[in-house]
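What follows is one structure encoded as C-alpha cells, with my remarks underneath.
Labels below follow one simple rule: chain letters A, B, ... track the order of the sequence lines, proteins then strands, and each chain is numbered from 1.
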Amino acid sequence: MKVEVLLFASLRDLAQSDRISVELAEDATVADLLVSISTQYPLLEDRVALSRVAVNDRFSCSEDPIPPGSELALIPPVSGG
Amino acid sequence: MKVEVLLFASLRDLAQSDRISVELAEDATVADLLVSISTQYPLLEDRVALSRVAVNDRFSCSEDPIPPGSELALIPPVSGG
Amino acid sequence: MSNAQVPFRAQLVRSTIDVSSSTSWLGDPGCGAVLIFCGNVRDKNRDQAVTKIEYQAYETMALAELNQVARSLIDRGAHRAIAIHRLGMLEVGETSVLLGISLPHRKDGFQLLEEGMEQIKKMVPIWKHEHYRDANPVWIDGS
Amino acid sequence: MSNAQVPFRAQLVRSTIDVSSSTSWLGDPGCGAVLIFCGNVRDKNRDQAVTKIEYQAYETMALAELNQVARSLIDRGAHRAIAIHRLGMLEVGETSVLLGISLPHRKDGFQLLEEGMEQIKKMVPIWKHEHYRDANPVWIDGS
C-alpha cells in the first residue's frame with residue numbers, strides 16, 4: 001500500500017514538502033515504515049533515526065501495525081516550550 | 001529603663017493597645033524582656049511564650065542586648081502569605 | 001469548580017499570551033495557590049545571539065498532547081490547569097508557552113508545575129526555528 | 001538587566017495585586033523562564049467556611065523581610081525577583097501574596113520559588129484575621 005507521512009521542522013525543509021509518499025507492505029509495522037522511509041528517501045535517513053512516528057495523533061511503538069487510512073507523521077525530537 | 005514594645009494580631013487585641021510599656025534593667029537582654037512582659041502583663045503570658053522579639057526591624061536572639069532607643073516588637077508566629 | 005465546567009484547558013494561539021486572563025481562569029474559591037510558568041524567547045542560545053524564533057507545530061497532535069498534560073495535572077491534584085502554546089514568529093522576550101495550575105494548598109504545586117513543563121518539553125510536537133544575528137536559522141529538532 | 005536598575009522589588013499594597021504588571025517587570029531578554037506564585041484567599045480553613053481575611057503587618061519590618069526574600073532569590077540564581085503582599089480586608093479568591101522570579105533556564109526555578117514562599121511564610125511579620133460564616137473571627141498567630 002501507499003501511505004502519506006507528514007513532515008515537520010528540518011525534515012520538511014530537507015524534503016521540500018510537508019509530506020512524503022511511502023510504499024509499504026500491507027501488514028507493515030511502524031518499524032517497517034521507518035525502514036521504508038530511509039530507503040525511499042535517503043536524504044532523510046539521518047534524521048529518521050532520531051524520530052518517532054505518530055499514528056492518528058498519538059506516539060506509536062515500533063511493533064504497532066499501521067491501520068489503513070491512518071494519519072501518519074514523522075516526529076523528530078520536539079523543541080517547543 | 002522603660003521601653004515600649006509594639007504588639008500585633010491577637011496580642012494587640014488582648015492588650016487592647018498596639019503597644020505596651022515595660023520596665024527593664026539597663027543591661028537587659030531579649031530574654032529578660034520576654035520575662036518582664038510576662039510578669040508585667042500576665043494576660044499576654046501564654047502568647048509571649050510563642051513569640052519572637054524584633055529589635056529595629058530584625059529578629060533577635062535571646063542573648064542579644066537591648067540598645068536604648070531601639071524599636072521593639074513582639075512577633076507571634078506569622079501567618080501571612 | 002465555580003466558573004468553568006471542564007477544569008483543564010489547552011490552546012494553541014498565534015498572538016500574545018495574556019497571563020492575567022489565565023490567572024483569572026485559574027481562580028477557584030477552594031484554591032489557595034495559583035502557580036504559573038511562562039517560557040519566554042531568550043536572546044541567546046548555544047552562545048549564539050538569537051533575534052527571533054518561529055514555532056511550528058503538528059497542530060492537531062500538539063493540541064491533543066497539551067490537553068493531555070493539563071488533564072494529567074488535574075489527575076495529580078490540581079483543581080484547574082491551563083496550557084497554552086504560541087505558534088508563528090516570536091520576538092525576544094515574548095512568551096511562547098504558559099502553564100498554570102491552581103490547587104488548594106501550595107505544597108505540591110511547585111513539583112507539579114515542573115513535571116507539567118517536563119511533559120510539554122518531551123511530548124508536544126512543536127519545533128523551534130531559531131534565527132540568529134550572525135548565522136542562518138536552524139531547526140532545533142535533534143539536528 | 002535592561003529595564004530596571006535594581007533586580008529585585010518588594011511591596012506592601014492595599015489594593016488588587018496585578019499579576020500582569022509583575023510579569024512584565026520580570027521580563028528580561030536573558031531569561032527564558034518566568035515563574036509566579038499567587039496565594040489566594042480560600043473559602044475554607046480548618047473545616048470552617050471562611051468569608052474574608054484581614055491581613056495586618058508590622059509594616060516596616062515586613063517590607064524589610066520581603067526585600068530580603070527577593071534579594072536572596074537573586075543571590076541564588078534568579079535574575080529578577082518580585083515579592084508583593086497585600087494588607088487589609090480581602091474577599092475569598094483575592095490574591096494576598098505574589099512571588100515571581102525570572103531566570104535564564106527553568107530548571108532551578110521551581111525549587112527557588114518554593115523556597116522563597118517558605119521564607120515569606122516563616123519570616124515576614126504579617127498575620128491573618130480570618131472571618132468565618134459560622135464563628136467569630138480568629139487571629140492566626142499560633143493561637
So which bits of residues 13-43 of chain B come within less than 4.5 Å of chain D, counting non-hydrogen atoms only?
-> B/Asp13

Residues of residues 71-81 of chain B near chain D, each having a heavy atom less than 4.5 Å away | B/Glu71, B/Ala73, B/Ile75, B/Pro76, B/Pro77, B/Val78, B/Ser79, B/Gly80, B/Gly81

Which atoms of [X] approach chain B - backbone, side chain, both or neither, heavy atom under 4.5 Å:
X       : result
D/Tyr58 : both
D/Ala62 : neither
D/Ser96 : side chain

Which of the residues [options] is involved in the greatest number of heavy-atom pairs with chain B at under 4.5 angstrom?
options                              : value
D/Ile126, D/Val97, D/Leu98           : D/Ile126
D/Lys122, D/Arg86, D/Gln68, D/His129 : D/Lys122
D/Ile120, D/Val124, D/Thr95          : D/Val124

Tell me, for B/Arg58 versus chain D, whether the close heavy atoms (under 4.5 Å) come from the side chain, the backbone, both or neither.
-> backbone

Can you establish whether the number of heavy atoms outside D/Glu118 located under 6.0 Å from its atom CD is more than 12?
-> yes

Does atom NZ of D/Lys121 have more than 12 heavy-atom neighbours, drawn from other residues, nucleotides or ligands, at distances under 6.0 Å?
-> yes

With a 4.5 Å limit on heavy-atom distance, are the side chains of B/Leu11 and D/Trp139 in contact?
-> no

Any side-chain heavy-atom pair of B/Phe59 and D/Glu65 under 4.5 Å = yes

Rounded distance [0.5 Å steps], CG in D/Asp141 versus CZ in B/Phe8 = 12.0 Å

